[in-house]
Amino acid sequence: MSDTVGRFVGRGPDGREHVVRVEVRGRAQLVACETCGWRSNTPLAPRRVALRHLSGSHAVASAERERTPAFWFRTGLSALLVAAILLFAAVRGAGG
């Protein structure tokens with residue numbers, strides 16, 4: 001199971017739009033180009049890998065990052081978990 005958590009979109013010199021998406025599969029992150037089918041698994045720095053592919057293979061000078069609903073959902077769950085842990089620690093610490 002994978003969730004697309006972000007997309008990098010840019011235009012090449014010919015005006016064609018190129019899209020590279022970042023998917024999370026467990027602990028691994030897959031970077032996949034929708035234009036040419038290129039794929040790469042990366043444990044860290046998917047942004048760097050995506051931008052390097054866009055600039056090297058498609059001559060994209062700059063790309064914008066789009067975050068998908070899956071990204072915001074994962075971020076919200078993480079924030080909720082941290083808040084619950086901090087609240088539990090504060091309540092436990094106040095109790096003595």
Side-chain angles (χ1 to χ4, degrees):
M1 181 177 155
S2 66
D3 292 322
T4 300
V5 295
R7 294 169 22 127
F8 294 89
V9 181
R11 294 202 178 274
D14 58 355
R16 183 176 177 193
E17 183 177 84
H18 299 278
V19 177
V20 173
R21 70 180 183 280
V22 177
E23 297 179 1
V24 175
R25 294 180 174 183
R27 291 185 179 180
Q29 297 180 73
L30 173 70
V31 180
C33 182
E34 293 179 2
T35 305
C36 67
W38 171 87
R39 300 162 72 89
S40 176
N41 286 312
T42 179
L44 300 171
R47 178 178 187 264
R48 186 180 317 163
V49 173
L51 294 176
R52 186 180 309 139
H53 174 73
L54 284 171
S55 65
S57 297
H58 302 295
V60 172
S62 66
E64 293 183 21
R65 181 177 190 171
E66 298 175 353
R67 290 189 167 96
T68 64
F71 169 82
W72 295 112
F73 181 72
R74 286 175 173 264
T75 302
L77 284 180
S78 298
L80 185 61
L81 179 61
V82 169
I85 291 170
L86 292 174
L87 180 62
F88 179 75
V91 169
R92 190 166 186 211

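Keep in mind it's a predicted model, so treat the numbers as computed, not measured. For reference, positions follow the sequence shown, starting with 1.
Judged as a side chain to side chain donor-acceptor pair (under 3.5 Å), and not counting sequence neighbours, Arg47 has no contacts. Among residues two or more places apart in sequence or in another chain, the side chain to side chain donor-acceptor pair (under 3.5 Å) test is passed with Ser57 by His53. Shown here are the salt bridge (Lys or Arg N to Asp or Glu O under 4.0 Å) partners of Arg11, two or more places apart in sequence or in another chain: Glu17. Annotation: side chain to side chain donor-acceptor pair (under 3.5 Å) contacts of Thr35 (sequence neighbours excluded): His18. Scored by the side-chain contact (heavy atoms from CB on, under 4.5 Å) test, Arg52 finds Arg48 as partners (sequence neighbours excluded).
Taking CZ from Arg7 and CD from Glu64, the interatomic distance works out to 11.5 Å, rounded to the nearest 0.5 Å. Rounded to the nearest 0.5 angstrom, Leu51 CG and Phe8 CZ are separated by 5.5 Å.
Here the shortest heavy-atom pairing between Pro13 and Ala59 reads CD-O, 3.4 Å. Minimum heavy-atom separation, Gly10 to Val60: CA-CG1, 3.7 Å. Heavy atoms only, all atoms of each residue included: Gln29 and Pro43 are closest at NE2-O, 3.3 Å.
Summarising the hydrophobic clusters (Ile, Leu, Val, Met, Phe, Trp, Tyr; side-chain heavy atoms under 4.5 Å, direct or chained), the residues clustered with Leu44 are none. The hydrophobic cluster containing Val82, built from Ile/Leu/Val/Met/Phe/Trp/Tyr side-chain heavy atoms closer than 4.5 Å, also comprises Leu86. Connectivity analysis of hydrophobic side chains (ILVMFWY, heavy atoms under 4.5 Å, direct or indirect) links Leu81 to Ile85.
Side-chain atoms of Leu30 and Val22, non-hydrogen and from C-beta on, never get closer than 4.5 Å to each other.
Following chains of ILVMFWY side-chain contacts shorter than 4.5 Å, one cannot reach Val19 starting from Trp38, and the two form parts of different hydrophobic clusters.
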